There are 2 protein chains.
Amino acid sequence: MTIPKQSIRRNELVVAAAKLFKENSFDRTTVRMLAAATGIKSGSLFHHFKGKEEILVAVIEDGLKKSLKAVQTETQSLTDINQTLFALIYGHLKTLHGPERDAHIVSITEWRSLSDESKQHLITLRDEYEQFWQKIIIEAIDNRLLTGEPTLIRLFILGSLNWSIQWFQPSQGKSIKELAQQFYNMVAK
Amino acid sequence: MTIPKQSIRRNELVVAAAKLFKENSFDRTTVRMLAAATGIKSGSLFHHFKGKEEILVAVIEDGLKKSLKAVQTETQSLTDINQTLFALIYGHLKTLHGPERDAHIVSITEWRSLSDESKQHLITLRDEYEQFWQKIIIEAIDNRLLTGEPTLIRLFILGSLNWSIQWFQPSQGKSIKELAQQFYNMVAK
DNA sequence: TATTTTACCTAGCGCTTGCTTGGTTTTGAG
DNA sequence: CTCAAAACCAAGCAAGCGCTAGGTAAAATA
């Protein structure tokens, strides 16, 4: 019995899992809960995934890949560094609180529920994303838009942006664009 | 059988619990693990705490109270707003990565493991801490040291500071004071 | 239409979990 | 020295957990 990595059904399960993992947490979401939410019996889940952890890996992998794609799209064809930096911040917030919100939140909060092997696999994806930021930040420093150590600035900005999952409610009060503007104004010269 | 809220033994258990909750997580720390770490039998834990959750509440309560005390001490007797804002950032980082590190990390990461009742109880303490920040931030805005909405700025700064638990290793590379300086330079005018 | 593959169900095993109960030891005040 | 309160232990229960085994139904392939 081989388990296919791509299938419509599997993807549905991953989306449902992301929602449950966000609402409860990975540990407090049981395979029976996920089964009930998707109209399946709990044992049948293991036809799609080797184990519970593989579901979490799939959710996070999904989230990370979409993050990278999102900021790439948002910043492409921009030449001005001011615009690029804003687009980066805006793009990050837009995916973070967009349709894939659940997966992104899980990517951020459930990292430590992963085994070492799973971490190793996903860390490559995360590094890729962070490198994308790093490059633009360095360019911004060169243009005196930012000052300080690139790595520290990156951790600082990404930290505060990611923290918004703790307090920001989409479609209530501020728009994401306003938010991005305020973030941008605070760090850029 | 009444359970006293203050006792030396209880405090030892809370400290040990903080460490375990940080290393594993609340859910993945079993009462048996905590018992083994403190040289006790698992059942005996329930002489000190009504249930497992009460241990978590004690850890977080401890962390929050010490946070507030730390920044109060750090900023007292300062009149210049520049100095005060720096002291606030420095004080926050110093407790966060100081001797009570475990409890603070648990306070940040395990919030959602709490029941609604426990949350309600602890939210008062957290609000108190945030209000302390808010006051100083407003003063800083009045003095043109910061610009923007107070609440947003607070969330932004505290978010990035708290995020440092994800990457900062005490006693390795940068000192906390250097870190605080960089943070300060990035937000203050 | 026959055959294989994919998707699912039924039933339950083995293990761990938080917590309880009823009893014993230790401690400290009078 | 007495004795009650506090701290602990031994043993185990009931519930929930991830996951498996063996089979059936549906869909795809030939």
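Everything numeric here is computed off the predicted structure, so don't read it as measured data. Chain identifiers are assigned alphabetically (A, B, ...) following the order of the sequence lines, protein sequences preceding nucleic acid strands; residue numbering begins at 1 within each chain. Computation of the quantities below employed the complete heavy-atom set of this structure, encompassing side-chain atoms and omitting hydrogens, waters and symmetry-equivalent molecules.
Note: B/His92 and B/Tyr129 meet the aromatic proximity criterion, with ring centroids under 6.0 Å apart. Taking the six-membered ring wherever Trp is involved, the centroid distance between the rings of A/Phe156 and B/Phe156 falls below 6.0 Å.
If you take CG of B/Asn11 and C1' of D/dA7, they are 16 Å apart, rounded to a whole angstrom.
Between A/Val106 and A/Lys22, the closest heavy-atom pair is CG2-N, 3.8 Å.
Look at B/His48 and you'll find a side-chain N or O under 4.0 angstrom from OP1 or OP2 of D/dC8. Distances shorter than 4.0 Å separate some side-chain N or O of A/His47 from OP1 or OP2 on C/dA7. Phosphate contact (OP1/OP2 of D/dC8, side-chain N/O of B/Arg9, threshold under 4.0 Å): present.
Within a 6.0 Å sphere centred on NZ of A/Lys119, other residues, nucleotides and ligands contribute more than 12 heavy atoms.
Annotation: side chain of A/Trp111 is in contact with side chain of A/Arg126 (closest heavy-atom distance under 4.5 Å).
One finds no salt bridge joining B/Lys52 and B/Glu110 here, because no Lys/Arg side-chain nitrogen approaches an Asp/Glu carboxylate oxygen to under 4.0 Å.
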remark   = Under a 4.0 Å heavy-atom criterion, the protein footprint on nucleotides 9-24 of chain C, written with B, S and -, is BB-B----BBBB----

